[in-house]
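All remarks here apply to the structure that follows.
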Amino acid sequence: MNWRSRLTGIATGDQCLFVSRDLFEQVQGFPAQPLMEDVEISKQLGRIAPPVCLRHRISVSARRWHQRGVMRTIAQMWWLRWRYWRGEVKTRLAKVIGDDAALAAYRAMLYLGVRRAVATGLDTWLFATEPEHADIQRLVGAFGINSQVQPTGDLGQRMAAVFSQMHRHYTHVMLAGTDCPGLHPGHYWQALGALSSADVVMQGAEDGGYVLIGSGCAEIWRQEKPFAGVRFGTATARQDTLEALHDGGWRVACPAQLSDVDTVDDLRAWQARED
């Protein structure tokens, strides 16, 4: 592994990477991706200057090597890197590489989503199935946000319940997931502005879903099933939601769609837009 790192200039989890502050800021820190961020930052740093490999040793955890065996661990690492190079979907990948990697993915996306929401200056609430979890509490403490137990039911029932609950305190309410790093504070303000002439604003995703939905009318969510007929998790989710809202006579504004970051190619395209 050390020889591989010396030959490729790529430092992974079993190595320690030292970078000057100026260079770290020049590449804008670790990329906002849940997997292979060490590989990606090594590539970016290598384009600026070749790394120097020190002979000093550090101690790292061998837990995975002991649990999975040397050959199995090496095979899995190269399999993941091969799929990463091919640009396969990271979220699906996380599901097959174990709890640790899946947890890392959700943490990375959650942190970025909360940070962007807080940057709007608007009141931010985090709805989670376990708001007392240590990770959630760290976010609450770090950003000074509010947290609450997520309602039960399917996705439509949960969103309707949150809208109904939040409308007791706010005239305008916006809900956003954490799987769209391209959702910036400006998008929240654009959506808020759209609610001056619409009852609902829906920021679509290119995969047929949507990354943000906002409401300026509490009456919508007092209906029995405002999301009736919506096939969530499919390529028709956005269109189904539009039809359900239009059938109820509600005005819907649809800002430009955003790209979900599902593949490495999506990630690179998003990073290029950020630059």
- Cluster partners of F18, using ILVMFWY side-chain heavy atoms under 4.5 angstrom, listed by chain and number? none

- Just jot down the side chain to side chain donor-acceptor pair (under 3.5 Å) partners of W250, sequence neighbours excluded, or say none. none

- Query: Does V19 have any side-chain contact (heavy atoms from CB on, under 4.5 Å) partners at least two apart in sequence or in another chain, and if so, which?
  - Reply: L17, L23, F24, L45

- Query: Under the side chain to side chain donor-acceptor pair (under 3.5 Å) test, which residues partner Q148, sequence neighbours left out?
  - Reply: Q165

- Message: Please enumerate all residues that pass salt bridge (Lys or Arg N to Asp or Glu O under 4.0 Å) together with E219, with sequence neighbours excluded.
- Response: R222

- Residue set satisfying side-chain contact (heavy atoms from CB on, under 4.5 Å) with F143, at least two apart, ordered chain then number -> Y111, V114, R115, V118, L139, I145

Without placing hydrogens or testing angles, list every side-chain donor-acceptor pair under 3.5 Å for residues 121-132, not counting sequence neighbours.
residue	atom	partner	partner atom	Å
D123	OD2	Y170	OH	2.8
T124	OG1	L122	O	3.3
W125	NE1	Y170	OH	3.1

- Query: Can you list every pair that meets side chain to side chain donor-acceptor pair (under 3.5 Å) and has a residue in residues 192-203, with sequence neighbours left out?
  - Reply: D199-R251

- Query: Which pairs count as salt bridge (Lys or Arg N to Asp or Glu O under 4.0 Å) when at least one residue sits in residues 142-157, sequence neighbours excluded?
  - Reply: none

- Query: Got a sec, which residues hit side-chain contact (heavy atoms from CB on, under 4.5 Å) with A205, two or more places apart in sequence or on another chain?
  - Reply: D207, V211, D260

- Item | With sequence neighbours excluded, residues passing salt bridge (Lys or Arg N to Asp or Glu O under 4.0 Å) with R138 | D135

- Query: Does T236 have any side-chain contact (heavy atoms from CB on, under 4.5 Å) partners at least two apart in sequence or in another chain, and if so, which?
  - Reply: R231, T234, D240

- Assign the ring pair H184 / H187 to parallel, tilted or perpendicular, where the plane angle (0 to 90°) is split at 30° and 60°. tilted

